[in-house]
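A short write-up of the structure that comes next.
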Amino acid sequence: MPSLIMALELIGTIAFAISGAVIAVRKGMDVFGVTILGLTTAVGGGVIRDLVLGNTPPVTFREPVYALTAIGVSLIVFLKPVRHFLTGNHRHATMLLQFSDSLGLALFTVSGVQVAYLLGHAESLFLLTFVGVITGVGGGVLRDMMAGKTPYIFVKHVYASAALAGALLCSALWSRVGQTAAMLTGFAVILIIRLLSAHYHWSLPHAEGDPPADKPL
Amino acid sequence: MPSLIMALELIGTIAFAISGAVIAVRKGMDVFGVTILGLTTAVGGGVIRDLVLGNTPPVTFREPVYALTAIGVSLIVFLKPVRHFLTGNHRHATMLLQFSDSLGLALFTVSGVQVAYLLGHAESLFLLTFVGVITGVGGGVLRDMMAGKTPYIFVKHVYASAALAGALLCSALWSRVGQTAAMLTGFAVILIIRLLSAHYHWSLPHAEGDPPADKPL
Amino acid sequence: MPSLIMALELIGTIAFAISGAVIAVRKGMDVFGVTILGLTTAVGGGVIRDLVLGNTPPVTFREPVYALTAIGVSLIVFLKPVRHFLTGNHRHATMLLQFSDSLGLALFTVSGVQVAYLLGHAESLFLLTFVGVITGVGGGVLRDMMAGKTPYIFVKHVYASAALAGALLCSALWSRVGQTAAMLTGFAVILIIRLLSAHYHWSLPHAEGDPPADKPL
């Protein structure tokens, strides 16, 4: 069981490191900028989660595997052939960015619920859900603010709502169907909502005029 | 007494949620962006306060009433007639923004002093004041950074100084006149300084040339 | 010994307060904006360090000397003759900015390692180094994000890598040569790498085309 959890967190780390590194490469950053943005995106959500839960020092600081994985992934994204693929064909870069970001969002949201649960907050559906959502969206918000972009969470119409749906479902199911099934359900719901939303350009009511489509970054 | 405290915090939450949602509406964000900016502004200061004081998980995560109130208020600001009022007549939107921001600043500053006091830091006037100021300005700084704006704290000339005056007064009076009178005095001083400053375009010495007036956002 | 530590931290505070205040002056901010940016830059790294290590309230909130020093330094930078010198002759302003930022980076990086060590994390080279790096770069990242600039960490090519080299060296030497020698070595390595890098325009591999030089802000 712990190996399943760790595998999920590592996949989330890889996915978010890719999303941060891809944005950095498309912004023309050097190898260190790419690594820093990949690393910040990958560990940001988990650090916010642990600070909010008083779980200090955050896991990322205690277990080197996450940061080292994020750094390794960022360096791979920076390799010349990968960079050329990403900057030369923008459709593929956008798809990779979208998929890695969605995967990271889904995995970190359920990891947030899980850590809150394990730290003794099982009784509060609200806390579990809220921690899940900020863990899921935190890395991406930090990434976008550091890269000087409008946070994804405002640009993508069905983003935080996908995390909210998955976190709520995961938290509510936890005591009924067990940890594994609850986490897998929450994860699947978030990923499916995000991918469908991106594919069909779903949109929520907008403040002025017609809502723009769920546009790529 | 606890009901007075909670009432003050709820009014502060409502005020800051309005200020965040109004900025989001004027930026043309969709319903989820408006809700997120309203929520972040409303709970940001309190989360920073609790993290700094080691009071984890922050109150916002334990008591759903604050986040749910902020979400409800943001949705009301997004309602078509309210939106039209806010975007159609910029003078009224600016006045509402200014008043809700000033009210939130005043209420959260004294709430910061109060929580620091209750957590056992009564002996340090410096800590009480400092925590009060960052609690007061924190939500607005997060709001402006996420919305890609120059933080209000730099644009409004008498802003952090108003919070500083109120926090210092509140901290210094606490043991002499009691909690209620100290908080009300600090609150009133901040609100009055902010409103007078906005009305009379007060300004502090500026770095180059003539100081610009206390301009609206 | 404690007086040496405190002296180093105070010098770091002064250096980072200068770097924040200089950027604020060059952006045309008023006296309060200059003070806030100076203060945030000076105390930001230490607050992040203490939050990550669960050392709450952060030292800055308990010991007024750091914040008051940062405020005093910012006010001096705002004095008319200093301002004129800084805005009239951009080469000198850039040199002062570069030197104060490098000095702050070097001092706060080793202070991060030190506090992590004293709080009982001596056994983890990874944690010591990681905490050192975020303490060193944290103040500058906050400064640049609040000032609406691309964080220095992305613009300066050999920046986080200098902090990383110094933090690693300081952490690794600690148990072998003692605290003072380890901290002085780490400090000297960071400062020398940064100053040489700025002087010779060192650069790391860049994502597109030729790498630009280590350009001033």
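Numbers restart at 1 for each chain; the letters A, B, ... are given by sequence-line order, proteins then strands.
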Is it the backbone or the side chain of A:V131 that comes under 4.5 Å from a heavy atom of chain B, or both, or neither? both

Looking only at heavy atoms, the pair that brings A:V52 and B:P58 closest together is O-CD, 3.4 Å

Say you draw a straight line from OG1 of A:T150 to NZ of B:K27; how long is it, rounded to the nearest 0.5 Å? 6.5 Å

Can you tell me how far the CD1 atom of B:I36 sits from the OG atom of A:S161, to the nearest 0.5 Å? 7.5 Å

Using heavy-atom distances under 4.5 Å, tell me whether B:T60 contacts chain A through its side chain, its backbone, both, or neither. both

Is any side-chain heavy atom of B:P57 less than 4.5 Å from a side-chain heavy atom of A:H121? yes

With a 4.5 Å heavy-atom cut-off, do B:F32 and A:I153 have their side chains touching? no

Nearest-0.5 Å distance, CG of residue B:D50 to CG of residue A:L51: 13.0 Å

Would you say that more than 12 heavy atoms from the other residues, nucleotides or ligands in this model lie under 6.0 Å from the OH of A:Y200, or not? no

So how far is it from B:M146 CE to A:M145 CE, rounded to the nearest 0.5 Å? 6.5 Å

Heavy atoms, side chains only, cut-off 4.5 Å: are A:I134 and B:F61 in contact? yes

